[in-house]
Every structure is written in structure tokens, then in C-alpha cells.
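Given the structure is predicted, the values throughout are model-derived calculations rather than measurements. No hydrogens, no waters, no symmetry mates; every other heavy atom, side chains included, goes into these values. In what follows, chains are A, B, ... by sequence order, proteins preceding strands, each numbered from 1.
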Protein chains: 2
Amino acid sequence: MGFQETFKALSDGVRREILLMLRGGKKSAGEIASCFDMTNATVSYHLSILKKAGLITEEKEKNYIFYKLNTSVFEDIMMWFAQFQDGQK
Amino acid sequence: MGFQETFKALSDGVRREILLMLRGGKKSAGEIASCFDMTNATVSYHLSILKKAGLITEEKEKNYIFYKLNTSVFEDIMMWFAQFQDGQK
DNA sequence: AATCTATTTAGAAAATTTTCTAAATAGATT
DNA sequence: AATCTATTTAGAAAATTTTCTAAATAGATT
């Protein structure tokens with residue numbers, strides 16, 4: 001919660017790729033990790049950052065953990081940017 | 001140039017405050033620095049990051065350096081976020 | 001020309017972030 | 001119950017970022 005966490009989460013390229021990847025629907029941690037050239041532990045770390053930022057949510061099913069986008073936080077961020085479109089002088 | 005730099009620039013709270021501060025129009029490095037409890041050198045560092053990211057531009061006048069928002073990059077960022085509003089399943 | 005004023009640059013220390021390896025967890029299968 | 005499979009957690013090393021102090025720059029004033 002709080003913009004600080006959300007912006008920090010968005011500042012990493014791997015995490016932005018994960019978000020784009022999830023546009024197509026939910027994916028398991030393993031599916032996500034297989035797209036990157038890093039250990040599953042590292043990808044798990046990135047997923048935890050995205051989750052703390054509220055950008056994704058998790059859902060356990062069998063022994064998989066599926067992640068999906070939480071679009072409402074994207075809207076909040078858009079609002080932040082909207083401040084720059086109005087207040088123009 | 002490049003989203004990486006722009007998102008990194010936006011990930012710091014001090015820098016986001018600077019951007020909000022510049023909505024009201026251009027401000028000198030000194031005016032900006034006086035709003036923070038850190039050295040002018042540190043604020044100068046943050047300004048350089050914002051400038052490299054294309055979020056602000058500078059303009060020299062007398063021995064002041066004025067900074068102002070570069071709104072076009074904000075639009076590019078908004079476009080990035082727009083990707084998440086469409087591709088919904 | 002000497003000095004002042006506003007700002008940046010260089011270099012180092014401190015803080016934070018990213019990554020890895022190894023171990024832990026927890027549900028599913030045998 | 002033992003083992004397998006998917007994933008996370010802990011702890012450490014490496015990389016990056018933030019901050020400071022001190023010095024440099026460069027235009028303006030005396």
C-alpha cells in the first residue's frame with residue numbers, strides 16, 4: 001500500500017515484463033519463471049514485490065500458485081499521472 | 001530515453017515531489033532544494049536523474065538554472081499503462 | 001581582476017536492491 | 001508414510017542507489 005511501494009515495484013524491468021505477461025490471464029510461478037534467465041527463487045522474489053505493491057494477487061490451486069493482475073491499482077497509478085495533465089499553466 | 005530510466009526516475013519519492021512541485025511552473029535548482037531537508041548537491045543529483053529520464057528540462061538564466069516539466073514523456077508513460085486497460089480477458 | 005552566488009561534479013560511505021545457493025514448506029502422488 | 005513437485009524463505013554476496021562533504025565551474029557584481 002502506498003505509492004512508494006508501487007512505483008518501486010514498477011521500476012524494475014523484469015517486474016514490468018511479468019505484468020505484461022499476465023495481461024493474457026493468470027500464470028503459475030513456474031510458467032512465469034521459465035520466461036527468464038534467472039533462478040525460480042529470484043523470480044519468486046520479484047513476484048513478492050509485485051504482490052506487496054498490490055499489482056498482482058495470488059491464488060493457490062493444487063501445488064501451484066497462480067498469479068494475476070490486479071487492475072485496480074493500475075487505475076490508482078493512472079490517477080497519479082493525471083495530476084500532470086490538468087494543473088497545466 | 002527508454003522506459004527503464006523513466007520508471008527508475010519515478011521510483012523515488014523525492015523525485016516525484018519535485019515533479020509535483022514543478023506543475024506550478026518552472027523553478028530554480030535552489031528553490032527546489034530549499035523544500036527538502038537534504039543538501040543542494042543531493043537535490044542536484046535527483047534533478048539530473050529526472051533530466052536524464054526526460055521528465056524535466058533545464059533552462060539557464062543568469063546564474064540560475066530553471067527546471068520545468070516535460071509533459072510529453074508523461075504521455076509516453078501513460079501509454080505504457082494503457083496497455084493494461086485494453087488487453088483484458 | 002577579485003569575489004560572490006548558484007549550482008554541479010567527484011569521490012566516498014551508507015543504504016537498499018537484486019541475485020544466487022541451499023534449505024524449508026506444503027500439497028499431491030505412490 | 002515416503003517421496004515428488006512447485007514454490008518460497010533465509011542468508012550472503014554483488015550490484016546499484018542515495019546521500020554527504022569538499023572542490024570545481026561559471027556567470028554576475030564589485
Side-chain angles (χ1 to χ4, degrees), chain A residues 1-22 24-70 77, chain B residues 1-22 24-70 77:
Chain A
M1 8 211 92
F3 279 128
Q4 184 52 27
E5 257 174 330
T6 310
F7 276 106
K8 270 275 181 318
L10 288 165
S11 74
D12 183 87
V14 169
R15 291 193 290 262
R16 287 198 305 281
E17 264 203 72
I18 292 173
L19 293 174
L20 288 169
M21 196 174 288
L22 290 176
K26 70 185 183 183
K27 280 196 162 39
S28 72
E31 280 181 278
I32 296 166
S34 69
C35 302
F36 297 97
D37 187 23
M38 38 176 73
T39 65
N40 283 26
T42 296
V43 174
S44 181
Y45 158 79
H46 285 299
L47 290 168
S48 77
I49 300 279
L50 288 169
K51 195 173 59 177
K52 274 182 210 145
L55 289 160
I56 60 175
T57 56
E58 74 178 27
E59 195 181 303
K60 292 176 191 183
E61 191 182 317
K62 298 187 70 179
N63 51 351
Y64 295 88
I65 301 182
F66 286 94
Y67 287 96
K68 66 175 180 191
L69 289 180
N70 175 20
I77 289 279
Chain B
M1 12 209 83
F3 279 129
Q4 184 52 27
E5 258 173 329
T6 310
F7 275 107
K8 269 272 180 320
L10 289 166
S11 73
D12 184 88
V14 169
R15 292 195 289 262
R16 286 198 305 280
E17 264 203 70
I18 292 173
L19 293 173
L20 287 169
M21 196 174 289
L22 291 175
K26 70 183 181 184
K27 280 194 162 39
S28 72
E31 281 180 277
I32 296 167
S34 70
C35 302
F36 296 98
D37 187 24
M38 37 175 73
T39 66
N40 283 26
T42 297
V43 174
S44 181
Y45 157 78
H46 285 300
L47 290 167
S48 78
I49 300 279
L50 288 168
K51 195 174 60 179
K52 274 182 210 144
L55 288 160
I56 61 176
T57 56
E58 74 178 27
E59 194 180 301
K60 291 177 192 184
E61 190 182 316
K62 300 187 68 178
N63 50 353
Y64 294 88
I65 303 182
F66 286 92
Y67 287 96
K68 66 173 181 192
L69 289 181
N70 175 20
I77 289 279

Dot-bracket pairing map - DNA chain C, Watson-Crick plus G-U, both contacts under 3.5 Å, | cross-strand: ||||||||||||||||||||||||||||||
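Taking only side-chain nitrogens and oxygens, Tyr64(B) never comes nearer than 4.0 Å to OP1 or OP2 of dT8(C). A close approach under 4.0 Å does occur between a side-chain nitrogen or oxygen of Thr42(B) and OP1 or OP2 of dC20(D).
When atom types are taken as modelled, the side chain of Arg16(A) and the backbone of Leu10(A) share a donor-acceptor pair closer than 3.5 angstrom. At distances below 3.5 Å, at least one donor-acceptor pair connects side-chain atoms of Glu31(A) with backbone N or O atoms of Ser28(A). Judged by distance alone, the side chain of Lys68(A) and the main-chain N or O of Gly25(A) form no donor-acceptor pair under 3.5 Å. Without hydrogens or angle criteria, Asn70(B) side chain to Gly54(B) main chain gives a donor-acceptor distance under 3.5 Å.
Checked against dT18(D), dT9(C), dT9(D), the side chain of His46(B) finds its nearest nucleotide in dT18(D). For Ser44(B), the side-chain atoms get nearest to dT9(C) when compared with the rest of dT19(C), dT9(C), dT8(D). Across dT18(C), dT17(C), dT9(C), the shortest atom-to-atom separation from the side chain of Ala41(B) is found for dT9(C).
Summarising the geometry, atom CD1 belonging to Ile32(A) is positioned 5.0 Å from atom CG belonging to Leu47(A); distances are rounded to the nearest 0.5 Å. Here the NZ-OG1 distance, from Lys26(A) to Thr57(A), works out to 10.0 Å after rounding to the nearest 0.5 Å. To the nearest 0.5 Å, the span separating CD on Gln4(A) from OG1 on Thr6(A) amounts to 9.0 Å. In this structure, Ile49(A) CD1 and Lys51(A) NZ are separated by 11.0 Å, a value rounded to the nearest 0.5 Å.
With a 4.5 Å cut-off on side-chain heavy atoms, Glu59(B) and Tyr64(B) do not count as touching. You'll find the side chain of Asp12(B) stays beyond 4.5 Å of the side chain of Phe7(A), heavy atoms only.
For the pair Glu59(B) CD and dT8(C) P, the interatomic distance rounds to 14 Å; values are reported in whole Å. dT16(D) atom P lies 13 Å from atom CD1 of Ile49(B), rounded to whole Å. The nearest whole Å value for the distance from the CZ atom in Arg15(A) to the C1' atom in dT18(C) is 9 Å. With rounding to whole Å, Lys26(A) atom NZ is found 13 Å from dT7(D) atom P. Atom NZ in Lys52(B) sits about 10 Å away from atom P in dT17(D), given to the nearest Å. Between Asp12(B) atom CG and dT17(C) atom P the separation is 10 Å, expressed in whole Å. The separation between Asn40(A) atom CG and dA22(C) atom P is 15 Å, rounded to whole Å. Separating the OH atom of Tyr45(A) from the C1' atom of dT21(C) is a distance of 17 Å, rounded to the nearest angstrom.
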side-chain contact (heavy atoms from CB on, under 4.5 Å) evaluation trace for Phe36(B) with Glu17(B): CA-CA 10 Å; Phe36(B) 296 98; Glu17(B) 264 203 70; 3.8 Å; yes
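The minimum heavy-atom distance between Cys35(A) and Met21(A), with the atom names listed, is CB-CE, 3.7 Å.
Across all strands, Tyr67(B) comes closer than 4.0 Å only to sugar-phosphate atoms, never to a base (heavy-atom distances). Contact annotation for Lys8(A): backbone-only contact, meaning every heavy-atom pair under 4.0 Å involves sugar-phosphate atoms and none involves a base.
Taken residue by residue, residues 28-39 of chain A places heavy atoms nearer than 4.0 Å to DNA chain C at Met38(A), Thr39(A).
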List, with names and distances, any nitrogen or oxygen atoms from the protein found under 3.5 Å away from nitrogen or oxygen atoms belonging to nucleotides 25-30 of chain C.
none

